[in-house]
Amino acid sequence: MSNISKTYEPQEIERTIYEEWERAGNFHTTADAAGQPYCIVIPPPNVTGQLHMGHALDETLQDILIRYHRMKGDNTLWMPGTDHAGIATQAKVEEQLRGEGTNRYELGREKFLERVWQWKETYGNRITYQLRTLGSSCDWERERFTMDKGCSAAVRKVFVQLYNEGLIYRGTRITNWCPKCNTALSDIEVEHETEQGHLWHLRYPFADGSGYIEVATTRPETMLGDTGVAVHPDDERYKNLVGKKIILPLVNREIPLFADSYVDKEFGTGAVKVTPAHDPNDFEMGLRNNLEQVKVINNDGTMVDGLGKYSGLDRYKCREVIVADLEAGGFLVKIENHEHAVGHCQRCHTTVEPLISKQWFVKMESLAAPAIEAVKSGELKFVPERFTKIYINWLENIRDWCISRQLWWGHQIPAWYCDDCGEMTVSETDVTECPHCHGKNLRRDEDVLDTWFSSGLWPFSTLGYPDDTPELKKFYPTSVLVTGYDIIFFWVARMVMMGLKFRGEVPFKHVFIHGLVRDELGRKMSKSLNNGVDPVEVIEKYGADSLRFMLITGNTPGNDLRFYWSKVESARNFANKIWNASRFLLMNLEGFDPTFKTTRDDLELADKWILSRLIYRVETVTDSIERFELGEAARQLYEFIWFEFCDYYIELTKARLYGSDAQAKATALFVLSTVLETSLRLLHPFMPFLTEIIRQKLPKVEGSIMLAKYPTVDEFADLISNDDNIGEFADLVLNIVKTVRNLKSELGIDSRKKVAVVLKITHKNCADMLKSHARYITDLAFAEPITFADEKPAHAMSNVIDGAEIYLPLEGLIDTDKEIARLTKELDKVRKGAASTAGKLNNERFLSKAPAEVVQAEREKLDAANEKISALEQRINQLENL
RNA sequence: GGGGUUGUAGCUCAGAUGGUUAGAGUGCCUCGUUGACAUCGAGGAGGUCACAGAUUCGAGUUCUGUCAGCCCCACCA
């Protein structure tokens, strides 16, 4: 045992332990296993992705909950899997093709998809392997993929049903288009950023030569597609001009001036050029006013053919040319600076172009209503609660969801078009013959579905849907969803809607929201800033337990946290502390009879104290986990293990361990073992590897800690009851210890050098107890000999605390004047406190309105303060008389 | 334009349902290597809890407003 290394070296150990766990099937469960079902579905990481800090946090939180519930005896399932991540994955393979001098169109759809699947086979395991290094106890035997057979079947079934119910439709609309990704996007895939732009004031001449009207625009290049100019119907400036014809500059097209109440009289000139093909508002106005839609921008962001010199120009280059030409033609009035919001593609950050195209949409209103209700009724709860507002607000203002993407990697839309009769057929099974005309000339819709469509089904598709599996029956609805606030709309809301629609129940009862992991400066970790810290690197250097502990300490639900290497080090030090406390125990355990069991009567006060503290921590840690306050639970564990167990209790056992009383030593070892073993189980969800390796070294312990019982208070029922006034006694002892240490330090005495101490005990309940256990003060404060006396030694350093006066008699070392000054300062402090307490007690309203126990506590406080005051006064008086 | 959130020790953050002298980590200062641990131990300095009001016997904690930062949502060209 003594050959255990002095520091904890996690690297090798972690890998070995994880392999053992997985080999033993510890992560796996079945629907018919015993216990209450407890299930979490993993937020599936992108199949080609790499682990980042956000994953590490997300995984850690889930693994803590999962391990806790598994130990509690619940039938616990953590369902893992990956997401096909349409655009991201396709982009990676396309990049690879570019390197080979080819592209997807040259390859063709079928060959291209083969390449993507190949890519998935090559890189798809990387992320799940990385999850393992964190210690994630996922049921890997059940691993799923959003494009596997089952998930694909679920997607088809859901799509067809929604279509048949009229909730999915195909329509020509103006949608967000990314010219770079070359696909339509949903509204939430567009990120708005305010940019410093310009407002160009243009002069549009009337056809009849009667002058001109001035319009203002942020996008002059779209003027090529203008098919009207709009003013507000009540705008006095323009009222008489409505109906006139305008000659569009540069194009020389005749367009109408019309009135539409959408126009804001106050903005710009009050007259808007209308480009129905390239602006969502103009599109609507165009529909209302029967305007022509003239498309001037291609899907790739260049100008269309037939525009003369402008054709083929990039939209921004075209803008420059147009402005120059307008200026040359005398049509440009002025250019103003103007700040406005511009939409960008979430994935590639290209400026989005609103374009008219035929796309598939989901009607959201009827799906959103139950999802709102589920939260309002409390069936689904957000942690922290404030996110319910954000969620509800979004759902209440929801618009139809564009679900078709012009990509190849994804779930291809199950719709077929008949070239013979022109009819469309939507079907769960592939269509080879047109059901309308029995023609065979069928073309399948080329588009694939938005990745989030399949993600939305994840909580039930992974459990077996569309089949009615035992897992689906047992584990749906799942218990909690753990995710970041950044994907509440993308994912959470859609899962709730789909879950309610297709299972009739919410997909999870709690949504546990966490924040983002930021860098040391509080910036978001990003590729472009290159400020990301690789969790794998942290694990290699410090171990997964340290990373996990670092990520949850000091963190509260929903709030962002910063990554600091010093915080990882602090967590590593904690792991090392536990390692060494265990090493200490194991060394002393050599030759000890492991079957020895102590009884309540053998326990001494220190044992009772640490057991009472342990019980308290079992309660608070459990309670904190249940409330999702994992940072608080971690703090409780840290305090207990480091301060109470290591700093005090272990020190107090040393006398017994090194002494000659075999029975006393056995008792100390028994309590040490019990408390350590229980602490390990309590800590296991947070630091799974360390707790496993240490517990395996303890005698009499069998099996993995993963499958051990989570500690409960009643485990200790026969060892300790709470009728002892142990807490009061401990407070007094620790207070005296602290005071002795302090006085020694002030005198410059080495903390480990023994000094004589005289104590005058004034505590009502604990005087005798303290006298018979003075050894505790000797052991913790290196105070020896300790004498109890009523008289006050004259030449001594001293202080007064609640329940005791402490003297360090040091003839010749004491500077009386300094002592008086120090004690006077102390006296002032106590008097101030006493005055404020007395103030409260003199307040009639405090006495009549505050709860009796609060008043009583104040009374006791005042008594104690008064005692202290008189003791200090006497002492000062005594010194002055020297 | 709406909504949210943050402001507590030099730094990073905890402080549920209002009730002792407001805590931790880290940094800093002083001391200490004989048997768990220097990835350690002992002691110490450091906070008018952003500001102003209100509610209350009592506010870091509840409410209102102000200031500062961050974030989300939003079709004013």
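Numbers restart at 1 for each chain; the letters A, B, ... are given by sequence-line order, proteins then strands.
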Holding to salt bridge (charged side-chain N to carboxylate O under 4.0 Å, His left out), I want the full list of residues that pass it with A/E626, two or more places apart in sequence or in another chain.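 Scan of A/E626 (salt bridge (charged side-chain N to carboxylate O under 4.0 Å, His left out), adjacent residues dropped) gives A/K72.
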Could you list the residues that satisfy side-chain contact (heavy atoms from CB on, under 4.5 Å) with A/A259, not counting sequence neighbours? A/P233, A/V242
[M] and [N], which share atom name [atom1], separated by this distance in whole Å:
N: B/G15; M: B/C71; atom1: C1'; value: 24 Å
N: B/C73; M: B/C28; atom1: P; value: 42 Å
N: B/A59; M: B/U20; atom1: C1'; value: 16 Å
N: B/C49; M: B/A9; atom1: C1'; value: 10 Å
N: B/G60; M: B/A50; atom1: C1'; value: 12 Å
N: B/G10; M: B/C29; atom1: C1'; value: 14 Å
N: B/U21; M: B/G58; atom1: P; value: 16 Å
N: B/G46; M: B/U30; atom1: C1'; value: 15 Å

Touch class at under 4.0 angstrom, heavy-atom based, for [X] against every strand present:
X: A/N397; result: nothing
X: A/W200; result: nothing
X: A/K829; result: nothing

Mind calculating the distance between [atom1] ([X]) and [atom2] ([N]) to the nearest angstrom?
X: A/E569; N: B/U12; atom1: CD; atom2: P; answer: 18 Å
X: A/E632; N: B/C13; atom1: CD; atom2: C1'; answer: 13 Å
X: A/F846; N: B/G58; atom1: CZ; atom2: P; answer: 11 Å
X: A/D779; N: B/A42; atom1: CG; atom2: P; answer: 15 Å

For RNA chain B, what string of dots and brackets results from 5' to 3' when Watson-Crick and G-U pairs need both distances under 3.5 Å, crossing pairs get [ ], and pairs with another strand get |? (((((((..((((.....[...)))).(((((.......))))).....(((((..]....))))))))))))....
Are the charged groups of [X] and [Y] less than 4.0 angstrom apart, N to O?
X: A/E639; Y: A/R617; answer: yes
X: A/R859; Y: A/D863; answer: no
X: A/R399; Y: A/D187; answer: yes
X: A/R237; Y: A/D235; answer: yes
X: A/R219; Y: A/E221; answer: yes
X: A/K868; Y: A/D802; answer: yes
X: A/E569; Y: A/K567; answer: no
X: A/K840; Y: A/E858; answer: yes
X: A/K754; Y: A/E784; answer: yes

For A/H201, what residues pass the ring pair (Phe, Tyr, Trp, His ring centres under 6.0 Å) criterion, not counting sequence neighbours? none
Could you write nucleotides 69-77 of chain B as a row of B, S and -, 5' to 3', where a protein heavy atom under 4.0 Å of any base atom gives B, of only sugar-phosphate atoms gives S, and otherwise -? ----S-BBB
Between protein and nucleotides 22-36 of chain B, map the contacts as a letter string: B base, S sugar-phosphate only, - none, heavy atoms under 4.0 Å, written 5' to 3'. ---S----------B
Please tell me which of the listed nucleotides, [options], lies nearest to the side chain of [X]?
X: A/V854; options: B/G19, B/U21, B/U5; result: B/G19
X: A/K849; options: B/U21, B/C57, B/G4; result: B/C57
X: A/R741; options: B/U39, B/G43, B/U12; result: B/G43

Looking only at side-chain N and O atoms, does A/N742 come under 4.0 Å of OP1 or OP2 in B/G44?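 Affirmative; the distance criterion is met.
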Is A/R562 near enough to B/C13 that one of its side-chain N or O atoms lies under 4.0 angstrom from OP1 or OP2?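 Checking A/R562 against B/C13: at least one side-chain N or O falls below 4.0 Å of OP1 or OP2.
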Rounded to the nearest 0.5 Å, how far does CD1 of A/I297 lie from CD of A/E353? 3.5 Å
